[in-house]
Each structure stands twice: as structure tokens, then as C-alpha cells.
Undergrad: 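Please read through the structure below; I'll follow up with questions.
By convention in this document, chain letters (A, B, ...) are assigned in the order of the sequence lines, proteins followed by strands, and residues within each chain are numbered from 1. In this text the structure is predicted, and so the values were computed from the model without any measurement.
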Number of protein chains: 2
Amino acid sequence: MSRTAPTAALNRGSRASPKVSQNDFIYEEMLDAILEQRLAPGTKLSEDTLGEIFGVSRTVIRTVLQRLAHERIVRIQPNRGAFVSEPSPEEAREVLQARRLIEEGIIRGAVRNQSPEDIQELNQSVAAERHSLENGDHEAWVRLSGDFHLKLAEIARNQTLSAFLRELVSRTSLIIVQYQKGAVSPCSCDEHSEIIEAIAARDENRAITLMNTHLQACEDQLNLCENDTKADLYSIFAKPTRKTGKSRGAK
Amino acid sequence: MSRTAPTAALNRGSRASPKVSQNDFIYEEMLDAILEQRLAPGTKLSEDTLGEIFGVSRTVIRTVLQRLAHERIVRIQPNRGAFVSEPSPEEAREVLQARRLIEEGIIRGAVRNQSPEDIQELNQSVAAERHSLENGDHEAWVRLSGDFHLKLAEIARNQTLSAFLRELVSRTSLIIVQYQKGAVSPCSCDEHSEIIEAIAARDENRAITLMNTHLQACEDQLNLCENDTKADLYSIFAKPTRKTGKSRGAK
DNA sequence: TTTATTATTTTTGTATACAATAATTTAAAG
DNA sequence: CTTTAAATTATTGTATACAAAAATAATAAA
């Protein structure tokens, strides 16, 4: 019953690297799992189970869960446990709105502080995005797409804003997982490229407009029309116009 | 040696209130102590000591310290322990810059969503500020001054931005503690009042300008001129133009 | 007296044990 | 057969025990 196989794999190499990385490793591993949709929103994150998987005690798992909870990737219910967050439509709108605001500030900083090397790195980042999209590697693309925005934040040289954006990017991934309607996404690589061009040309206003359009496009691809679980249930079980009882056939 | 006196006081009433509040209580208590300058920047926060003070085990204290660390109020050094943060001048500038950006977004939201009741509450908040200032209650004023900004965030109805601002306000208090030069502060109540007026008049641009001025005034009152501890030591011990040794008279 | 090195103590990091709460199953009644 | 209540099981919350690391004290050498 105790599947301890993964443990060895995890501890491989931890002898050489610093001790603190055990925490960080599990954190990264869980964040990846959530953002790559291997752990769906709402999934219960049992401390015992995770402890066994990673070969550590609940103490360590608890620390990681609290960290994820502070970043709103995980929701902790007292005496109930931790679950992968299920952001509401309202929360989704909030996150996108916050991103528009913060990324505007970041673009201002990036336009100011940019170096040619920065622009080069950004272009490489978009190239990697485009490559993963052509290869149909959706998981890699999601990650790289977020990385572009984080690279932009680095160029703006404000670690405080970077940290905020990092949280927002993670939460956006979770939101996309939950509310993306229809096709995966039309290639936003071009939008990223345009933003780089505007920044390189030090055209602040254009860069900001492009970024706002980009983020709005992202929001528009979501299905945030009050589709709560509750409403869904009602609509799913709503028969034409029957109102009388005795309508429960299939278990 | 074991001073367990405070324990009783802490647990008083915890029977009736929900269990989760023990954590929150200690968190609030420590945050207050730091922001009210009873715990100076750099102070070591020993887990054992805090556990004794609050009558709980290190487990609980650790959770609280991690929470404070995530909000950058506390800095955790691996294998060394937790310390009250000592924000660098660079970090101070970052925090104020982030505040200008986020509070601009908040003002936009507040102008849009305001109700007469909101304006009334804001005015009451400023009245309380003015009152505490007249009574010379500096601690209360610091707290109330921050509360004004948080009330504004509530009106904007974006919990994500509110959470960010909450962290920034706390960090600003810590920054002021460390870098405030000269007088405590010229009454910023008037600036707050002006901002309320502009919001009530739905004059978005004026409100934003006033807020930026207000935050810039706050930053200008700080002494962020590369006065690291290192530089301080050099300047403190710098005698007119002596350069030869044997200059250590006073211990 | 100062410096270097070793031994001791203290403190953090992690695992485990126990208590409290929630979830599940079983039994009983309608 | 469904519903309700009690008993059982599982899971989280907290305290404690032990291991690892750092800080401190003590000793020895220069």
C-alpha cells in the first residue's frame, strides 16, 4: 500500500544541493502539477498522501501547502484540508483587472530600463513560445507564455511588482484551465512580438495599449457568464417545461 | 524561568470563538508589535521564546512566521531563524512605486463604485486620524492612516488589489520606522480629505494626482540616500582629516 | 593579550505522537 | 427502502522528540 518508489527519484541529487531546496522542490513540483492541469481545480490535497509521494513528513507538506495557499493557488479550509483553488468568475475578472494595472506599470519600467540584450532575450522567449506551439506542446506553451510576462517584469527592475505579477500569472493559468471556452488559444505569440517592438521603439503608449488588448483578449476567451456550478446544475436538469415530480428515472 | 503568565490572558475567550482564531490572533499581535515599533527591524524572533510568550508550541509560531515572511514583514534565514525585516532603500523605493501604481488603479475603481455611504465612512476615517494626531497618539495614527488607504481599496471592490495593497501598507509602515527623517510627519489628514473630495466629485484625474503627490510626499520624508549601516559607520567614525592609526580612544 | 581551535549549548528543521474534528460506515427506526 | 443516529475510521491541528546546524563558551597556542 505504501508506494515509496518516487522517493528515491526525488532525493537523487539532493545530497549535493543545499538543504533548503527540498521545500522549494516540492513547491515547484506541486505548482507545476496544478498549472499543467495534472491536478484539477477542486482536487483534495491530502497531507498524508503527498507526504508519501514525496517521501517527507506532513510537516514539510504543510509548509508547502501554506505557501501555495498564500498565493491563492490552493485553498485551505480549516479542519477540512487543502484543495486546488477553484477561482470564481468574479475572482477571474479581478485577477485580469489587476494584471492590466500591474503590467501597465511594468511596461513603463521596461521601456525606461531596457537594454538591447533585454530585447534579444524577450525575442528568444517568444521564439521558444512559437516553437512549443508548433510542436503542439500545450503544457510548455502555457509555461513559456507566462515566462514572457515575468521576463518583462524583470526588465522593469521592481522585485515587488515582479512578485505580485508572478502570483497573478499563476492564478491566470488556473483561471484559463477552468474557464477557457472552445479552442485552446489563437497564437498570442504575435501579440507578444508586437509588444516587444513597441518597447524597443520606446513607444510607451503603444506598448501599454497592446498589452491591454492582449490581456483583454485573454479575458474574452473565457466563459465567465455566471456559470456557477449551481446554475449549471439547474440548466443541466431543466427539462423543456415539465414541472410535476416523479421525474427521476436514471439514478 | 518559564514565564507562562500571558498564556491565560491569550486563551481567555478562545473557548467560545472559533479555533482558527488562535493562529490569527498571534499573527495580528505580532504584526501590531512590528508596525507599532515595539519590535524593531532586525530583531531576532526566536521560536521558543514566542511559543512561551503566547503559550503555544513552536509549530504554531512557525506557521505565523511563515505567513509574515510571505508578506515580507519578516525575513527567514535558513537555519538561522526569523528576523523583523530591514527593508533596503532600494526596496523602500520599490514599495512606494508599487503603491503609486496600485493606488491609482484603486482610485479608478473607487471613483466608479462609490456610494454616499462610502464617502461618509472615508470622512469618518480621516476624522479618527485627525483625532489621534491631536491626542499625540502616534501609534494609533500610523494604524488609522493605513486604514484610510485600505478603506479606499474596499470601495474599489477588487479583493486581489486590496490584498496587495494591504501588504504594501504594512511594508510602508516598516519603511517609515526605518527611514523617517526628522519630524514625525506633517498632517497628511488634509491630503486624505482632498482625495476624498476629488473622488466624491468623480474627478478621477485630480484624485490620482493628489494620491501620487501624497505618496511622493511620504517618500520625500524618508532618508533613502544610500545610508546603509556600512556607510553610517564610516561617517560616524570619520574624524576631520586624520589618517594615521592609534585613533581609538573611547571604547 | 590575541587568535585559533575544540567543546558545549542553543536553535532550527523534520519526524512522530497524540488530540480534536470531520467523514464514513453501520445499525436501527420509520 | 429511505432516513436518522451512533459508532467507526480517517484526517487535520498541535505538541513533543530527535537530528542537524549554528552560535557560544572554553581551551590552547602564538
Undergrad: Can you tell me the distance, in whole Å, between the CG atom of A:Asp24 and the P atom of C:dT14?
TA: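 For the pair A:Asp24 CG and C:dT14 P, the rounded distance is 11 Å.
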
Undergrad: Expressed as a whole number of angstroms, how long is the span from B:Asn23:CG to D:dT12:C1'?
TA: 13 Å

Undergrad: Nearest to the side chain of A:Ser57, heavy atoms from C-beta on, is which of C:dT14, C:dA22, D:dA15?
TA: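 Looking only at side-chain atoms, A:Ser57 lies closest to C:dT14.
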
Undergrad: Take atom CD in A:Glu86; do more than 12 heavy atoms of anything else shown fall under 6.0 Å from it?
TA: yes

Undergrad: With heavy atoms under 4.0 Å as the rule, sort B:Arg80 into base, sugar-phosphate or nothing.
TA: sugar-phosphate

Undergrad: Let me know the distance between CD1 of B:Ile76 and P of C:dT14, rounded to the nearest Å.
TA: 12 Å

Undergrad: Name all pairs fulfilling the salt bridge (Lys or Arg N to Asp or Glu O under 4.0 Å) condition that reach into residues 36-51 of chain B, sequence neighbours left out, sorted by first residue then second.
TA: B:Glu36-B:Arg38, B:Glu47-B:Arg58, B:Glu47-B:Arg62

Undergrad: Please state how far atom CZ in A:Arg58 lies from atom C1' in C:dA15, giving the value in whole angstrom units.
TA: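 Distance, rounded to whole Å: 11 Å.
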
Undergrad: Is there side-chain contact between A:Glu71 and A:Arg171, with at least one heavy-atom pair below 4.5 Å?
TA: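 No, their side chains stay 4.5 Å or more apart.
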
Undergrad: Rounded to whole Å, how long is the line connecting atom CZ of B:Arg75 with atom P of C:dT12?
TA: 14 Å

Undergrad: Rounded to the nearest angstrom, tell me the gap between atom CZ in A:Phe25 and atom P in C:dT14.
TA: 15 Å

Undergrad: Tell me if a side-chain donor or acceptor on A:Tyr179 pairs with a main-chain N or O of A:Cys225 at a distance below 3.5 Å.
TA: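 Not a single qualifying donor-acceptor pair exists.
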
Undergrad: By nearest nucleotide on DNA chain D, pick out whichever of A:Gly81 and A:Thr59 is the more 5' one.
TA: A:Gly81

Undergrad: If I take atom CZ in residue B:Phe83 and atom C1' in nucleotide D:dA22, what distance separates them, rounded to the nearest angstrom?
TA: 11 Å

Undergrad: Does A:Arg72 come within less than 4.0 Å of A:Glu91, counting only side-chain N to carboxylate O?
TA: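 Looking at A:Glu91 together with A:Arg72, the answer is no, because their closest N to O distance does not fall below 4.0 Å.
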
Undergrad: Does any pair with a residue in residues 145-163 of chain B pass salt bridge (Lys or Arg N to Asp or Glu O under 4.0 Å), and if so which ones, sequence neighbours excluded?
TA: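 Applying salt bridge (Lys or Arg N to Asp or Glu O under 4.0 Å) to every pair that reaches into residues 145-163 of chain B, excluding sequence neighbours, yields B:Asp118-B:Arg157.
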
Undergrad: Enumerate the residues from residues 39-49 of chain B whose closest heavy atom to DNA chain C is under 4.0 Å, giving them by residue number; use none for an empty result.
TA: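 Residues of residues 39-49 of chain B under 4.0 Å from DNA chain C: B:Lys44, B:Ser46, B:Glu47.
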
Undergrad: Is B:Asp24 salt-bridged to B:Arg67, cutoff N-O under 4.0 Å?
TA: yes

Undergrad: Using only side-chain N and O atoms of A:Gln77, determine if any of them is under 4.0 Å from OP1 or OP2 of D:dT12.
TA: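 For D:dT12, OP1/OP2 do not have a side-chain N/O of A:Gln77 under 4.0 Å.
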
Undergrad: Would you mind reading off the distance between B:Leu65 atom CG and C:dT12 atom P, rounded to a whole angstrom?
TA: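 Going from B:Leu65 (CG) to C:dT12 (P), I get 9 Å.
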
